[in-house]
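Heads up: the structure comes next, in C-alpha cells.
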Amino acid sequence: MSLRVLSVASEAVPLIKTGGLADVVGALPAALAPHDVIMTTMLPGYPAVMKAIGKGRTLYTYPALLGEPARLVAAKLGAHPLVVLDAPAYFGREGGPYADPAGTDWADNWRRFAAFGRAAADLAGGAVKARRFDLLHAHDWQAAMAVAYMRFAPPEGGRTVPSIMTIHNMAFQGWSRADTFAGLGLPREAWSVHGVEYHGGVGFLKAGMEAASCITTVSPTYACEIRAPEFGMGLEGIVVSREDRMRGILNGIDTAQWNPESDRELPASFGPGTLDRRTKNKRALEAEFGLEPGDGPLFIVIGRLTWQKGMDVLLRALDHLVGIGGRLALLGSGEAALEAGFHAAAVRHPGRIAVRTAYDEALSHRMQGGGDAILIPSRFEPCGLTQLYGQAYGCVPVVARTGGLADTVIDANVAALQAGVATGIQFDGVTIHSLTAAISRANALYYQPEQWRRLQRNGMQCDFSWSRSGKAYADLYAQLVEEHR
Ligand code: ADP
Ligand code: GLC
C-alpha cells in the first residue's frame with residue numbers, strides 16, 4: 001500500500017523560492033515516488049502561486065480560518081498533487097513571502113503561518129474526505145504549527161497522524177509575543193514548556209520540535225552541531241532531550257534541473273570527459289559580467305548576502321583574491337551594507353570583481369557552468385546546495401567546514417590528493433586568515449591542471465541525486481506510520 005504524505009512548506013520550486021528550502025520541497029515528491037510514497041505538497045496562496053495555478057478546484061471552505069475567510073484549492077506541482085491555502089487576508093499581498101516590498105517582516109507573520117498550520121493539520125487529519133493522509137511532514141517554522149495543532153488541537157472528527165518536523169535553518173524560529181497565544185485557537189494546556197511557550201512568548205519551531213513524532217535536519221553534521229548553543233541558537237536543549245527522535249538526512253539535488261550535459265542555459269554543454277568545453281562558458285560569463293577575459297581562476301559566489309553566509313569576511317578577503325590574480329563574479333542579494341560593500345569592491349577593482357544584486361536562476365546556472373571555483377564561507381550551513389550544484393558542474397567548491405558543507409566536500413589535503421578522491425577545499429573557522437589561505441590553496445591547485453581536473457571530475461562523478469535520501473525519508477515515514485498503528 002502506498003503511503004500518503006502531506007508535505008507542508010512556505011516555498012517550493014517552481015512556484016515560489018527565496019532559498020534552498022524551495023529546491024528541496026519542490027524535489028521531494030519525485031524523490032519519494034519510487035518508494036511508493038504519494039506526496040501532496042501544501043503551500044500558501046501568495047499572488048505568484050495563485051497566478052500560476054489558475055482557478056483551481058475548491059476542496060474545502062473556511063468561513064473563518066483564525067478569523068479570515070479561506071479555502072483549500074487543489075492544483076499541481078509539476079506532476080504531483082498540490083494543495084494551496086487561498087486566504088487573501090493572509091497571503092494576497094505584494095512583497096516577499098515573509099516581508100513587505102521594503103524588506104521588513106510582516107507584523108502578522110505569526111497569524112499568517114498559524115492559519116497555514118491550522119489548515120495543514122485539518123487537511124492531514126482528514127478534513128477533505130477524498131484526501132486521506134498517513135503522515136504530516138512540516139518544513140521550518142512557517143509550517144511548524146501544523147505539527148503543534150495536530151498534537152494539541154487535532155481536527156474535530158478527524159484522525160491524528162504521525163508527524164515530522166524538518167529543520168532547514170535553526171536561525172529562523174518564528175517567535176512572537178505571549179499575547180499572540182490567544183489568537184492561535186489552542187487549548188490552555190498548549191501553553192507550557194512542552195508546548196508552544198518559548199522564552200515568555202510563542203515559539204513556532206520550538207512547538208513543532210516538541211510535538212513532532214520525529215525531528216530531522218538536512219545533514220548529519222548539522223544534526224550534531226545543533227546540540228551546542230552556537231548552532232542550536234536556544235533550541236539545543238530540545239535537540240538533546242529528543243535525541244532519540246532526531247535524524248540528519250542529507251539533501252539531494254534535482255539532477256533533471258542541474259545537469260551540465262543537458263542544461264539549456266549553458267552556451268556549451270559538457271560532461272566529465274569534455275571539460276575543455278567549459279572554456280566557452282567561462283568566456284561568455286566574463287563577457288556577461290564585464291570582467292577582463294583571462295586564464296586565471298574565476299571565482300564565483302551565489303547566495304544570500306548575510307552574516308550566516310560569511311559574506312562580511314569574504315568582503316575583507318577580496319583584495320587578496322584580486323592580488324593573487326583571481327577574479328570574482330558575485331550573484332546575490334541581502335543586507336544593504338553588504339550589497340554596498342560588494343559594489344564598492346567592484347568599483348575598486350574594475351574588470352576583476354563584478355556584482356549582480358539580483359535573483360536570477362538562469363544566471364546561477366551559467367555561473368556554475370563557467371566559473372572555476374565557488375566560494376562558500378558560511379558560519380553555519382544546515383546543508384547548502386550551491387556546493388552540490390558546483391560539484392555537478394565542475395565548479396570546485398571552496399567551503400567552510402560546517403554542516404552540510406563538511407558532509408559533501410572532500411578536502412584536497414595531501415592524503416586525499418594522493419588517493420585521488422578530493423572534490424574541493426575546506427577550511428576551519430570563518431576568519432579572514434582561513435579564508436584567504438583557502439583562496440590561495442585553490443589558486444595553487446588551479447595552476448596544477450592535472451590535479452584541478454581531477455577535483456572537477458571527482459565532483460562531477462559524485463552521486464548527489466535524491467536516490468539515497470529519498471529512501472531514507474521513505475524508511476522513516478514507514479517506521480513512524482508503523483509505530484502509530
Ligand atoms: P540557503 O537556502 O541558505 O539560501 P542553499 O545553498 O541551500 O542556501 O540554497 C540557495 C539556493 O538559492 C540555491 O538554489 C541557489 O542557487 C539559489 N540562489 C541564492 N541566491 C540566488 C540568486 N541571487 N540568484 C539565483 N539563485 C540564487
Ligand atoms: C536552509 C539552509 C541551507 C539548506 C536549505 C535547504 O535554507 O540555510 O543550508 O540547504 O535550507 O535544506
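Keep in mind that what you see is a predicted model, and the values were worked out from it rather than measured. Each ligand, and each atom within it, is numbered from 1 in the order the structure gives.
Under 4.0 angstrom from ligand 2, there are no non-hydrogen atoms of Asp23. At a heavy-atom distance under 4.0 Å, only side-chain atoms of Asn169, from C-beta outward, approach ligand 2.
An N or O contact shorter than 3.5 Å is missing between Lys309 and ligand 2 by distance. Residue Trp258 has no nitrogen or oxygen atom sitting less than 3.5 Å from a nitrogen or oxygen atom of ligand 1, judged on distance alone. Note: no N/O pair closer than 3.5 Å links Leu21 and ligand 1 by distance alone. Some N or O of Asp360 is nearer than 3.5 Å to an N or O of ligand 1, by distance alone.
Applying the ring pair (Phe, Tyr, Trp, His ring centres under 6.0 Å) test to Tyr477 and every residue at least two apart in sequence or in another chain returns His137.
In terms of protein heavy atoms, atom 7 (O) of ligand 2 is closest to His168 O, 4.2 Å. Of the protein's non-hydrogen atoms, Leu385 N, 3.7 Å is the one closest to atom 5 (P) of ligand 1. Among protein heavy atoms, atom 11 (C) of ligand 1 sits closest to Gly20 N, 3.7 Å. Scanning the protein heavy atoms around atom 27 (C) of ligand 1, the nearest turns out to be Tyr359 CE1, 3.4 Å. With hydrogens left out, the protein atom closest to atom 16 (O) of ligand 1 is Thr386 CG2, 3.7 Å, a heavy atom.
A heavy-atom distance below 4.5 Å is not found between the side chains of Val5 and Thr40. Counting heavy atoms from C-beta on, the side chains of Trp141 and Asn109 come closer than 4.5 Å. Taking 4.5 Å as the limit, some side-chain heavy atom of Leu43 sits within range of a side-chain heavy atom of Leu82. Proximity of Leu85 to Pro44: side-chain heavy atoms (C-beta onward) are nowhere separated by under 4.5 Å.
The shell of residues lying under 4.0 angstrom from ligand 1, judged by heavy atoms, includes Lys17. Judged by the shortest distance from any of its heavy atoms, Gly303 lies inside the 4.0 Å radius around the atoms of ligand 1. Residue-ligand proximity: Gln387 is placed with every non-hydrogen atom at 4.0 Å or more from ligand 1. Within the 4.0 Å heavy-atom cutoff, Gly384 counts among the residues contacting ligand 2. Heavy-atom separations between Ala358 and ligand 1 include at least one value shorter than 4.0 Å.
Below 4.0 Å from some heavy atom of Gly332 lie the following atoms of ligand 1, by number and element: 23 (N). The contact set between ligand 1 and Asp23, taken as ligand atoms under 4.0 Å from a residue heavy atom, comprises 14 (O). Near Ile302, the atoms of ligand 1 lying under 4.0 angstrom from a non-hydrogen atom of the residue are 16 (O), 18 (N), 21 (C), 27 (C). Counting atoms of ligand 1 from 1 in the listed order, those under 4.0 Å from a heavy atom of Arg304 are 1 (P), 3 (O), 4 (O). For ligand 2, the atoms lying closer than 4.0 Å to a non-hydrogen atom of Val218 are 12 (O). Less than 4.0 angstrom separates some heavy atom of Val24 from each of these atoms of ligand 2: 6 (C), 12 (O). Under a 4.0 Å criterion applied to the non-hydrogen atoms of Gly384, ligand 1 contributes the atoms 6 (O), 7 (O). Of all atoms in ligand 2, numbered sequentially from 1 with element shown, those under 4.0 Å from a heavy atom of Gln308 are 8 (O). The Glu381 neighbourhood of ligand 2 comprises atoms 2 (C), 3 (C), 8 (O), 9 (O), with distances under 4.0 Å to a heavy atom of that residue.
Among pairs with a residue in residues 94-107, those fulfilling side chain to side chain donor-acceptor pair (under 3.5 Å) read Ser10-Tyr98, Glu11-Tyr98, at least two apart in sequence or across chains.
Salt-bridge formation is detected for the pair Lys309/Glu381: a Lys NZ or Arg NE/NH1/NH2 atom is positioned less than 4.0 Å from an Asp or Glu carboxylate oxygen. Electrostatic pairing of Arg247 and Asp475 does not count as a salt bridge here, judged by no charged N lying under 4.0 Å from a carboxylate O.
Of all heavy-atom pairs between Ser378 and Ala400, the closest is O-CB, 3.2 Å.
Looking at Glu225, its side chain does come within 3.5 Å of a backbone N or O of Gly403 through a donor-acceptor pair. Without hydrogens or angle criteria, Asn259 side chain to Glu261 main chain gives a donor-acceptor distance under 3.5 Å. Looking at Asp140, its side chain never comes within 3.5 Å of a backbone N or O of Ile167 through a donor-acceptor pair.
When the heavy-atom distances from atom 8 (O) of ligand 1 to Gln368, Lys309, His168 are ranked, the shortest goes to Lys309.
Ring centroid separation for the pair Phe299 and Tyr446 does not come in under the 6.0 Å cut-off.
In this structure, Arg118 satisfies the cation-pi test against Tyr149, with its NZ or CZ atom closer than 6.0 Å to the six-membered ring centre and inside 45 degrees of the ring normal.
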Exercise. Decide yes or no on side-chain contact (heavy atoms from CB on, under 4.5 Å) for Phe116 and Phe91, but give the supporting numbers first.
Key: CA-CA 10 Å; Phe116 182 55; Phe91 301 113; 4.1 Å; yes
